[in-house]
2 protein chains.
Amino acid sequence: MVDSMVRGDTRTMVLENAKRLFARHGYAGVSVREIARACDIRAASLYHHFPDKESLYLATMEFAFADKAEAIMQAAGPDGSPRERLIRFVTRFTALIAEDRDFRLLLQRELLDGDERRLRLIAEKLFERPFQAIAGLAEALAPACDPHLLAISLAGLILFHFETAPVRRFLPGGRTDHDDPEVIAHHVLALISRALGESP
Amino acid sequence: MVDSMVRGDTRTMVLENAKRLFARHGYAGVSVREIARACDIRAASLYHHFPDKESLYLATMEFAFADKAEAIMQAAGPDGSPRERLIRFVTRFTALIAEDRDFRLLLQRELLDGDERRLRLIAEKLFERPFQAIAGLAEALAPACDPHLLAISLAGLILFHFETAPVRRFLPGGRTDHDDPEVIAHHVLALISRALGESP
DNA sequence: GTCTATATATGGATAGAC
DNA sequence: GTCTATCCATATATAGAC
């Protein structure tokens with residue numbers, strides 16, 4: 001048990017490479033051979049660890065999403081005043097998204113391509129509790145507002161800046177420092193703070 | 001010229017089917033044969049109208065994005081007070097996104113998969129002027145705020161509600177009426193209005 | 001647990017008849 | 001302008017040696 005974690009077994013190496021490749025090119029855009037090549041093994045060897053491509057993809061999702069739910073929940077935790085909680089959530093969630101680009105890409109691809117079964121699975125096993133935490137924060141911030149809608153808006157404000165990063169640099173007023181997580185967090189924080197009648 | 005527009009030639013029919021299929025499954029997720037089958041012709045016939053798959057995809061993007069720039073610019077136009085302009089933009093942009101799901105999907109896929117050349121092309125030929133219109137509105141609304149960041153936030157607030165629609169229904173507090181464009185527009189409007197110190 | 005070799009299906013694309 | 005037939009590369013997946 002300890003050994004396999006220390007040395008990093010083949011399965012984990014496959015998952016790391018699969019995560020990167022699926023994130024960058026999508027499920028249909030990556031072949032099993034390409035994943036195998038990235039691992040410096042043959043495709044046939046890969047089938048020793050995973051029964052087929054779809055199982056490998058699902059295992060990759062589990063691997064990529066592991067611990068994210070917990071991290072988001074802690075970011076949106078109930079400690080402190082609503083304003084303190086907002087600052088903590090925006091800061092940590094922005095950093096979380098910035099530091100694992102492939103996680104964000106996989107998430108966005110899943111929103112585009114996930115079938116009902118997979119999306120329900122992701123929602124219930126992964127995002128139900130962190131989303132509830134964000135919705136709880138939303139309710140503390142603006143009791144009159146629909147917490148579900150405000151929670152989505154909070155996450156969307158942050159995620160969309162990353163999502164549009166590849167094209168923003170070609171748009172008027174686009175600067176490279178707009179991709180800086182701290183700049184994004186500061187902007188979102190100022191916007192939401194003012195929406196809640198507090199000084200930015 | 002008139003005839004081809006009235007009867008709707010094969011090329012247009014191909015582009016309509018390609019738009020739907022590329023939007024739903026992505027470039028790598030759709031084969032030329034599948035597009036041909038949707039058009040009820042053979043794949044070889046398709047190559048009479050387009051030299052290869054990539055050219056068909058690029059033509060599909062042009063077809064899907066046609067007139068969108070103009071529509072967004074009009075939504076973000078300079079007439080009226082800042083508050084009137086905001087209401088008009090949020091209302092129309094939300095409706096615009098809601099009424100053409102495949103356009104939105106193609107846009108999101110392009111943000112994920114577009115190479116630098118294609119993203120620069122889209123930015124310059126398609127989004128430069130409408131984005132400038134939104135940034136102009138942002139500047140009128142909040143002169144102290146970076147108009148680029150605020151413009152992105154405005155668009156993101158709206159788009160993210162559509163992007164997350166497939167998974168929101170499985171999340172706590174999710175209701176089907178959260179997918180209603182008017183509900184989304186009302187929520188975003190209330191949020192932004194308050195962020196700018198006006199009554200919702 | 002990884003390899004070579006291969007079965008089998010499907011992919012993009014072309015040739016040439018009509 | 002559409003068809004049938006086909007080329008050839010690549011796809012997923014398996015068999016069986018080591």
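Quick note on labels: first sequence line is chain A, next is B, and so on, each numbered from 1.
B:His48 has a side-chain polar atom (N or O) that falls below the 4.0 Å cut-off from OP1 or OP2 of D:dG1. Applying the 4.0 Å criterion to OP1 and OP2 of C:dC3, one finds that A:Ser45 has a side-chain N or O inside that range. Close to D:dG1, at under 4.0 Å from its OP1 or OP2, lies no side-chain N or O of B:Thr10. A sub-4.0 Å separation between OP1 or OP2 of C:dT10 and a side-chain N or O of B:Ser31 is absent. The shortest distance between the side-chain N/O atoms of A:Arg33 and the OP1/OP2 oxygens of D:dT10 is not below 4.0 Å.
When the nearest nucleotides of DNA chain D are assigned to A:Glu34 and A:Ala44 by heavy-atom distance, the more 5′-ward of the two goes with A:Glu34. Remark on DNA chain C: of its neighbouring residues B:Ala43 and B:Arg37, the 5'-side contact belongs to B:Arg37, judged by nearest-heavy-atom nucleotide. Place A:Asp52 and B:Asp40 on DNA chain D by their nearest nucleotides, and B:Asp40 ends up nearer the 5' end.
One atom, CE of B:Met13, and another, P of D:dG1, lie 12 Å apart when rounded to the nearest Å. Across the protein-nucleic acid pair, B:Leu46 atom CG and C:dG11 atom P stand 14 Å apart, rounded to whole Å. As a whole-Å value, the separation of B:Asp9 CG from D:dG1 P is 9 Å. Rounded to whole angstrom, the span from the NE2 atom of B:His49 across to the P atom of D:dG1 amounts to 6 Å. Atom-to-atom, CZ of A:Arg42 to C1' of D:dA11 comes out at 17 Å; the value is rounded to the nearest Å. Atom CZ in A:Phe50 sits about 15 Å away from atom C1' in C:dT2, given to the nearest Å. Note: OH (B:Tyr27) to C1' (C:dG11) measures 11 Å, nearest angstrom. Note: OH (B:Tyr47) to P (D:dC3) measures 15 Å, nearest angstrom.
For an aromatic pair to be called close, the ring centres must be under 6.0 Å apart, and B:Phe131 with B:Phe127 fails this. Ring centers of A:His178 and A:His161: at least 6.0 Å apart, outside the cut-off.
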*Evaluate the criterion side chain to side chain donor-acceptor pair (under 3.5 Å) for residue pair A:His187 and B:Ser153; output intermediate values, then yes/no.*
CA-CA 9 Å; A:His187 163 78; B:Ser153 292; 2.7 Å; yes
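Closest approach of A:Ala151 and A:Ala138 over heavy atoms only: N-CB, 4.1 Å.
Ring geometry for B:Tyr57 against B:Tyr27 counts as perpendicular: the plane angle is over 60°, on a 0 to 90° scale with 30° as the lower cut.
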